[in-house]
Amino acid sequence: MKKIILFIIALLFYSSITAQSKNERRIYLWDVSLSMKGRAKQADGKPTPNIYDDVVKALCESVNNLLNENTEIIVLPFYNGIDESGKTGPLKATKEGKSKITDKIRNYSNNKVDYTNICGAVTDVMNHYLDSDKRNIVFLFTDGQQEIPWNKPLPDVLREWNFKASADDYFLYVMLTQDAKNAEIVEVFDSIPNGDVIQDAGNYNIIDIEPVGFVTYNIKDDKDKLKVVSVKQKQSDVLPSNIQIRVQSETPYFTINEVATLKNNEVKFGIKFKQSFDKLRHSLPEKSDYIIYMELANADEIKAQTKGSIIKLYPKEIKIELINKPEKTLRIHVKK
């Protein structure tokens, strides 16, 4: 019976680790309507800017910048709906896979005179292309507004992401022109967890870092010492040098409230006790567990510095174990 219980515990532990280590699926939702080629009219009657070649270049750059060969890539061109003939993937981000994807992007052509249906394309992605076993990152490349009547306005369709996506998924709206820079859309993405409005998708990347283990603190032997949380990185990307992590905890016995620099895969912090050692010694049990909360303190700074990289820290809670007894020491007596 004991072996069975241990096996179940090990299985649950493995499952939780696996759930935190999802591979990535990148979905590029690509507006290929004729306005992208300068063949439509803006509100002032002038032709739309011809940005088609620039977008093709940006798409290929974003694909080629992927380093993790386990990442899946799907490219979905759309105008009045997703063009199934131009759909590419899913393919792995290997050298061969990226070459196939970028070749198809460069060779794709659409000369149909039709209107743009962003709502339909986004709805199709949310209903049919998100993989619950992966972290989904959707890039929406578009230059303008919804042109085909839909049963919901575009902002409401975008808000449905909150119900269709998991906490690991990202939705990135790549605003390609001034027409695309809609204040209401920006407001929607401010309300979407893991949603963002960006101008350049070429360097966009998500790097996972994970606190490992737990912290022990002996109230006598560790007095005034800095404690260390080890952090491991899940991808091979080079981490920015100035990652700041806020470490916090508030209990009846101590306070932790520091912003520490991640250095050599470690975060160091101090603990401020609210009582004297004698009071702690009499009020604490031999061992007691508390929670430390951790979060990235300078996400916007890192994103600006790296032109798009997001550092994702998970889990955000680790255990600290207070020890209220002297650590055992080895005493050696030499007979004379």
As a quick check of understanding, evaluate salt bridge (charged side-chain N to carboxylate O under 4.0 Å, His left out) for Lys312 and Asp208, giving each step before the final call.
CA-CA 5 Å; Lys312 189 174 177 67; Asp208 295 282; over 6 Å; no

Apply side-chain contact (heavy atoms from CB on, under 4.5 Å) to residues Tyr314 and Glu210 and explain how you reach the verdict.
CA-CA 5 Å; Tyr314 184 86; Glu210 177 186 348; over 6 Å; no

Considering only heavy atoms from C-beta outward, does the side chain of Phe139 approach that of Leu172 to under 4.5 Å?
yes

Using side chain to side chain donor-acceptor pair (under 3.5 Å), reason through Asn127 and Lys164 one step at a time and then give a plain yes or no.
CA-CA 8 Å; Asn127 287 340; Lys164 298 290 181 68; 2.8 Å; yes

Do the charged groups of Lys57 and Glu61 touch, with an N to O distance under 4.0 Å?
no

OH-NZ distance between Tyr52 and Lys37, expressed to the nearest 0.5 angstrom
5.0 Å

Are side-chain heavy atoms of Val138 and Leu130 found at a separation under 4.5 Å?
yes

For a quick test of reading the model, state the closest non-hydrogen atom pair linking Ala121 to Ile82 and the distance between them.
O-CD1, 4.2 Å

So how far is it from Glu72 CD to Asn136 CG, rounded to the nearest 0.5 Å?
9.0 Å

So do the side chains of Arg246 and Glu295 get within less than 4.5 Å of each other, counting heavy atoms only?
yes

One pair to check against side chain to side chain donor-acceptor pair (under 3.5 Å): Asp278 and Ser276. What are the steps and the verdict?
CA-CA 5 Å; Asp278 285 337; Ser276 67; 5.4 Å; no

List the steps, then state whether side-chain contact (heavy atoms from CB on, under 4.5 Å) holds for Ile207 with Gln233.
CA-CA 8 Å; Ile207 305 172; Gln233 180 181 346; 4.0 Å; yes

Suppose clustering is done on Ile, Leu, Val, Met, Phe, Trp and Tyr with side-chain heavy atoms closer than 4.5 Å. Which residues sit in the same group as Ile291?
Tyr293

Does some side-chain heavy atom of Asp169 sit less than 4.5 Å from a side-chain heavy atom of Trp161?
yes

Do Glu321 and Thr216 have a side chain donor and acceptor closer than 3.5 Å?
no

For Val75, run the side chain to side chain contact (heavy atoms under 4.5 Å, CB included) check against Leu29, Thr88, Thr102, Ile27 and tell me which one passes.
Thr88

Tell me, with the steps shown, if Asp124 and Phe78 meet side-chain contact (heavy atoms from CB on, under 4.5 Å).
CA-CA 11 Å; Asp124 205 1; Phe78 74 95; over 6 Å; no

Counterpart residues, ring pair (Phe, Tyr, Trp, His ring centres under 6.0 Å), relative to Tyr170 (two or more places apart)
none

Using 0.5 Å steps for rounding, measure from the NZ atom of Lys319 to the CG atom of Asp289.
4.0 Å

Minimum heavy-atom distance between Ser62 and Arg26, given as atom pair plus value:
OG-NH1, 3.9 Å

Report the residues that fulfil ring pair (Phe, Tyr, Trp, His ring centres under 6.0 Å) with Tyr129, sequence neighbours left out, ordered by chain and then residue number.
none

Less than 3.5 Å apart, any donor N or O on the side chain of Asn242 or Glu301 sitting next to an acceptor on the other?
yes

Ser230 and Glu266: CA distance, side-chain angles, deciding distance, side chain to side chain donor-acceptor pair (under 3.5 Å) verdict:
CA-CA 5 Å; Ser230 296; Glu266 291 181 340; 4.8 Å; no

Test item: side-chain donor near acceptor, Ser33 and Asp31, under 3.5 Å
yes

For Tyr253, is the NZ or CZ atom of Lys274 found under 6.0 angstrom from the centre of its six-membered ring and inside 45 degrees of the ring axis?
no

Begin with the C-alpha distance, continue with both residues' side-chain angles, and end with the deciding distance and a verdict on side chain to side chain donor-acceptor pair (under 3.5 Å) for Thr94 and Glu69.
CA-CA 5 Å; Thr94 60; Glu69 293 190 349; 6.0 Å; no

In Å and rounded to the nearest 0.5 Å, what is the CD1 to OH distance from Ile73 to Tyr28?
6.5 Å

Side chains of Lys325 and Ile323, heavy atoms from C-beta outward: is any pair under 4.5 Å?
yes

Please identify which of these residues, Lys104, Glu96, Lys98, meets the side chain to side chain contact (heavy atoms under 4.5 Å, CB included) condition with Lys100.
Glu96

